[in-house]
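Keep in mind that the numbers below use all heavy atoms, side chains included, and drop hydrogens, waters and symmetry copies. Residue numbers begin at 1 in each chain, while the letters A, B, ... track the order of the sequences.
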2 protein chains.
Amino acid sequence: MFSKATEYALRATIYIAQKSSVEKKLSLAEIATAIDSPPSFTAKILQLLTKDNCVINSVRGPNGGFYITEKSKQLPLKKILEAVNENDLFEKCILGLKKCSETKPCPLHFQYKPIKQELIHLFQTNTIQELSEKADNESLFINNSI
Amino acid sequence: MFSKATEYALRATIYIAQKSSVEKKLSLAEIATAIDSPPSFTAKILQLLTKDNCVINSVRGPNGGFYITEKSKQLPLKKILEAVNENDLFEKCILGLKKCSETKPCPLHFQYKPIKQELIHLFQTNTIQELSEKADNESLFINNSI
DNA sequence: ATAATTAAGGACAAAATTACCTTTAATTAT
DNA sequence: ATAATTAAAGGTAATTTTGTCCTTAATTAT
Ligand code: FES
Ligand code: FES
């Protein structure tokens, strides 16, 4: 479904929203361990999420690391997809036609359309905070290691 | 969403179901042109679909080519996904956890679940024939070139 | 039989994705 | 000021996916 990059971006952001604050920043090492992702690759993805501080924030130096503001927690998951450039995934034709269109639809278009809408809705309505709260629940996980 | 291989497999099978019969086989060249895919790569994918004659059939030699039987047209699209080994896509965790499970669900699991069911349903209930009939309709396309 | 045609199969190449590593810049603590 | 710590940035490497090419096998037509 999603690329590894996007999966790591989603898991990392949820983890950061769960565990960080301006006072308690998280290091790359901690994040990568927590979400079971390759540290160096994760670093690149966190950079994307930090660009223009659009999703998460970072500071360098001792006690530095990554964190997310309360305001950013209110952003929809869609923002994460945008940050890693996988935003247009749900706009694409399921059969790979160059353009998904109503005027030149593929034979699956009209059946796929409502499903696509639900997927878009899922990522537009759920905020980072909501997901992190779900993950806080003892029975929900973002750790991949088991 | 799907890999290129899967997209080509779906488009090729639909095209073959539209245009072929035991008497009128389609050459690789025609198929690749029709669905706008790289011929040699498409050849590999058609081989997968032909393995054990599970989805399409082929014969070599002059006037040879690919075709599909009336019986195979009754197969669900799912069979195409199986043939190209992308069958388990809808079983996977949307956040990339090693296992999508009810006992250790990710924070999106329960919201994604019904959508996943609809996707599975889409590919299990639609037959190759149904899709090819839709594609026969003047207003539905599997040609990528425009 | 021979030649022509077509898919099958295998090796190879290019491109994209994923992953790693090293240096630099920023920040903090001493 | 200096040293230590941490992310940023850039380059490189491994892997996977996508795409090509060439030879072989099967079939047909002559
Ligand atoms: S044209 Fe294929 S999904 Fe819209
Ligand atoms: S555990 Fe993530 S979708 Fe099921």
Side-chain angles (χ1 to χ4, degrees), chain A residues 1-13 16 20 22-33 35-68 83-86 89 92 96 144, chain B residues 1-13 16 20 22-33 35-68 81 83-86 88-89 92 96 144:
Chain A
M1 185 96 187
F2 290 128
S3 64
K4 288 287 173 198
T6 300
E7 291 174 358
Y8 298 154
L10 288 165
R11 296 216 300 270
T13 305
I16 292 167
S20 85
V22 185
E23 305 84 44
K24 184 165 176 296
K25 304 181 189 71
L26 309 176
S27 71
L28 168 66
E30 175 180 349
I31 295 165
T33 300
I35 68 169
D36 190 34
S37 66
S40 299
F41 190 44
T42 306
K44 298 291 186 198
I45 293 153
L46 294 178
Q47 274 180 49
L48 291 174
L49 292 166
T50 307
K51 280 268 168 57
D52 308 320
N53 289 338
C54 74
V55 178
I56 61 175
N57 297 83
S58 70
V59 295
R60 299 196 255 201
N63 302 313
F66 299 89
Y67 67 98
I68 188 168
V84 295
N85 306 309
E86 196 145 18
L89 186 127
K92 288 183 179 162
N144 200 21
Chain B
M1 184 93 184
F2 290 126
S3 65
K4 288 288 172 199
T6 300
E7 290 175 357
Y8 299 154
L10 289 165
R11 297 216 299 270
T13 305
I16 292 167
S20 85
V22 186
E23 305 84 44
K24 184 166 175 296
K25 304 182 190 70
L26 308 178
S27 71
L28 169 65
E30 174 180 350
I31 296 165
T33 300
I35 68 169
D36 190 35
S37 65
S40 300
F41 189 44
T42 305
K44 300 292 185 196
I45 294 154
L46 293 179
Q47 274 180 49
L48 291 175
L49 292 166
T50 308
K51 280 267 169 56
D52 308 320
N53 289 337
C54 75
V55 178
I56 61 176
N57 297 84
S58 69
V59 295
R60 300 196 253 201
N63 302 313
F66 299 90
Y67 67 99
I68 187 167
L81 303 187
V84 295
N85 306 309
E86 196 145 19
D88 56 347
L89 186 125
K92 288 183 180 162
N144 199 22

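Listed by chain and residue number, nothing satisfies the side-chain hydrogen bond (donor to acceptor under 3.5 Å, both in side chains) test with B:Ser20 (two or more places apart in sequence, or in another chain). Scored by the salt bridge (Lys or Arg N to Asp or Glu O under 4.0 Å) test, B:Lys4 finds B:Glu7 as partners (sequence neighbours excluded). With sequence neighbours left out, the side-chain hydrogen bond (donor to acceptor under 3.5 Å, both in side chains) criterion links A:Gln47 to no other residue.
Among the heavy atoms of the strands lying under 4.0 Å from A:Leu26 are primed sugar atoms or P, OP1, OP2 only; no base atom is included.
The interatomic distance linking B:Leu46 (CG) with D:dG19 (C1') rounds to 14 Å, in whole Å. As rounded to whole Å, 14 Å separates atom P of C:dG9 from atom CG of B:Leu28. With rounding to whole Å, B:Met1 atom CE is found 18 Å from D:dT17 atom C1'.
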- [ ] Let me have a per-nucleotide readout for nucleotides 12-21 of chain C, 5' to 3', with B, S or -, counting only protein heavy atoms under 4.0 Å.
- [x] ------BBBB
Open item on the list: Generate the contact string for nucleotides 24-30 of chain C. Rules: B means base contact, S means sugar-phosphate contact only, - means no protein heavy atom under 4.0 Å.
Closed with: -BBBBS-
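Between C:dA8 and B:Ser58, a contact under 4.0 Å exists linking OP1 or OP2 to a side-chain N or O. Contact between the side-chain N/O atoms of B:Gln47 and the OP1/OP2 oxygens of C:dG9 is found at a separation under 4.0 Å.
Taking a pair as Watson-Crick or G-U wobble with both distances under 3.5 Å, DNA chain D forms stems of 3 or more consecutive pairs at C:1-30 with D:1-30.
In terms of heavy atoms, B:Leu28 sits closest to B:Pro39 at CD1-O, 3.5 Å.
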